[in-house]
2 protein chains.
Amino acid sequence: MVTALENDPDYRKMLRDAGLRVTPQRASIVTILSETDDHPNVEDLYEKVRALDDTVSVATVYRTMSVLENAGLVRKLVMDDAPARYEMMPHTEHDHLVDLESGDLVEIPGTEIAELMSRVAAELGYQIVSHHTVIRARKT
Amino acid sequence: MVTALENDPDYRKMLRDAGLRVTPQRASIVTILSETDDHPNVEDLYEKVRALDDTVSVATVYRTMSVLENAGLVRKLVMDDAPARYEMMPHTEHDHLVDLESGDLVEIPGTEIAELMSRVAAELGYQIVSHHTVIRARKT
DNA sequence: TTGACATTTGCGAATAATTCGCATTTACAT
DNA sequence: ATGTAAATGCGAATTATTCGCAAATGTCAA
C-alpha cells in the first residue's frame, strides 16, 4: 500500500503533536489538502485523495476534517448554498470573499478584520474561539 | 381565513414596494418574523406562523425566506452545524456571535466591522453584496 | 517484540435540511 | 370580471453529512 506516510514525515509529526493517531488515511488526506491551494470541499478532496490512496472512504474524509478542525489544524468554510470547503489552518491570517460572478473563493489577506473582531468581542466580554466570515461581492 | 393582512397593512406595502406579490402566507410570515426578536430557524418560524395561519406550509416558509432574502428584506444567518436562521433586515447594522456555552446568538452592534470589510473589499476591486459573519466565542 | 485495547475505518443505511414537481389556487393588471 | 403568470400545498426527491457496526489497526505498556 502506497501512502503519504513515508513521503512526508512532517505530517506524522503534525498529527502526533496534536495528539491524534497517525493513520495512512489521515496522512494521505493531509498531504492532499496541504498541496492544494484552492479550498476543496469533501467531494473534491475525496477524489484527489483517492488517486493517491484508494483505501480512503468518503466517511473518513468527513471524519478526518472534523477531527482536524477540532484539533485546530484545519479551517472549515461554511458556504451559503454549497458544501463546506476546507483549508489547512493558514499561518498567514486571511478571510474569504466569494466572487458572485465566477463563484471563485478569493482570499483577503491581512489581520485587520480579525483584530477588529477580537476587540469588539472583548468589549462584550467574549474571547473569540473562531470566526467565520464569508463576503459575497462582485467586481466593480 | 384569518391572516395578518388586515392587521398590518405596513407589511403589504413593504412587500409591494419590493415588487413582490402580497399573499396571506407572506403577510403572516413577515408578521411573525417582525415580531420576533430572536433569530428563528425555519422550523421555529413555521410553528409560530402556523398558530396564526394554518394554511402555511413549510415549503412556503422556505420559499418565502428565499424570496425575501433576494429582495433584501431578510437576512439569512448560515450556521456552522445547525439550520439557517433568519432576521428581518436590520436597520441598525450588526453582526453575530455564537456563545459556545449557551448556544445563544448575540448581536454585535455597530458598523465598524461592515465598514472595514467594505474598505478591504474595495481594495481588491470588489463591491460587497452581503457579508456573513459568525463569531464563535466564550465568555471571558 | 508482543499483546491488549481503545480508536479508526469502510461500508451502506439513516438523518435532516432544503428543494422540487405538479396540480390547484390566487393576486393583480387590464 | 377575467386571463395569466406567480404562488401554494403536498409529498416525494435530493444532497450533504452522520451513524452503526463489524473488522482492521495504531499505540502504549510490559
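Here is the naming used below: chain letters follow the sequence lines, and residue numbers restart at 1 for every chain. Fair warning: this is a prediction, and the values are worked out from it, not measured in the lab. Because only heavy atoms are used, hydrogens play no part in the values below, and waters and symmetry mates are left out as well, while side chains stay in.
Judged purely by distance below 3.5 Å, without hydrogens or angles, the side chains of Thr60(A) and Ser57(A) pair a donor atom with an acceptor atom.
Shown here is Glu93(A), whose CD atom has more than 12 heavy atoms of other residues, nucleotides or ligands within 6.0 Å.
Distance CZ (Arg50(A)) to P (dT9(C)): 14 Å, rounded to an integer number of Å. Look at CG on Asp44(A): it is 11 Å from P on dT17(D), rounded to the nearest Å. In this entry the distance linking CZ of Arg26(B) with P of dT26(C) reads 15 Å, nearest Å. The separation between Ile29(A) atom CD1 and dT8(C) atom P is 13 Å, rounded to whole Å. Rounded to whole angstrom, the span from the CG atom of Leu45(A) across to the P atom of dT17(D) amounts to 12 Å. Going from atom CG of Asp53(A) over to atom P of dT25(D) covers 12 Å, rounded to whole Å. Gln25(B) has its CD atom 18 Å from the P atom of dT24(C), to the nearest Å.
Applying the ring-ring contact (aromatic ring centres under 6.0 Å, His included) rule to pairs touching residues 22-60 of chain A yields His39(A)-His96(A), sequence neighbours excluded. Each salt bridge (charged side-chain N to carboxylate O under 4.0 Å, His left out) pair with one or both residues in residues 130-140 of chain A, not counting sequence neighbours, appears once here: Asp99(A)-Lys139(A), Glu101(A)-Arg138(A). A ring-ring contact (aromatic ring centres under 6.0 Å, His included) check over residues 107-140 of chain B, counting only residues at least two apart or in different chains, returns the pairs His132(A)-His132(B).
With sequence neighbours excluded, the residues forming a salt bridge (charged side-chain N to carboxylate O under 4.0 Å, His left out) with Asp17(B) are Lys13(B), listed by chain and number. Considering only residues two or more places apart in sequence or on other chains, Thr92(A) meets the side-chain hydrogen bond (donor to acceptor under 3.5 Å, both in side chains) condition with none of them.
Residues from residues 60-86 of chain B placing a heavy atom under 4.0 Å of any atom in DNA chain D, listed by number, are Thr60(B), Arg63(B).
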If you restrict it to nitrogen or oxygen atoms, what contacts under 3.5 Å exist between nucleotides 28-30 of chain C and the protein, and what is each distance?
{"residue": "dC28(C)", "atom": "OP1", "partner": "Val22(B)", "partner atom": "N", "Å": "3.0"}

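At a threshold of 4.0 angstrom between heavy atoms, the contacts of Val58(B) with the nucleic acid are absent.
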Review item, side-chain donor-acceptor pairs of residues 110-122 of chain B, under 3.5 Å, at least two apart:
{"residue": "Thr111(B)", "atom": "OG1", "partner": "Glu115(B)", "partner atom": "OE2", "Å": "2.8"}
{"residue": "Glu112(B)", "atom": "OE2", "partner": "Arg119(A)", "partner atom": "NH2", "Å": "2.8"}
{"residue": "Ser118(B)", "atom": "OG", "partner": "Ala114(B)", "partner atom": "O", "Å": "3.1"}
{"residue": "Arg119(B)", "atom": "NH2", "partner": "Glu112(A)", "partner atom": "OE2", "Å": "2.8"}

Hey, can you pull the donor-acceptor pairs under 3.5 Å for the side chains in residues 72-80 of chain A, sequence neighbours left out?
{"residue": "Arg75(A)", "atom": "NE", "partner": "Glu87(A)", "partner atom": "OE2", "Å": "3.0"}
{"residue": "Arg75(A)", "atom": "NH2", "partner": "Glu87(A)", "partner atom": "OE2", "Å": "3.0"}
{"residue": "Arg75(A)", "atom": "NH2", "partner": "His94(A)", "partner atom": "O", "Å": "2.7"}

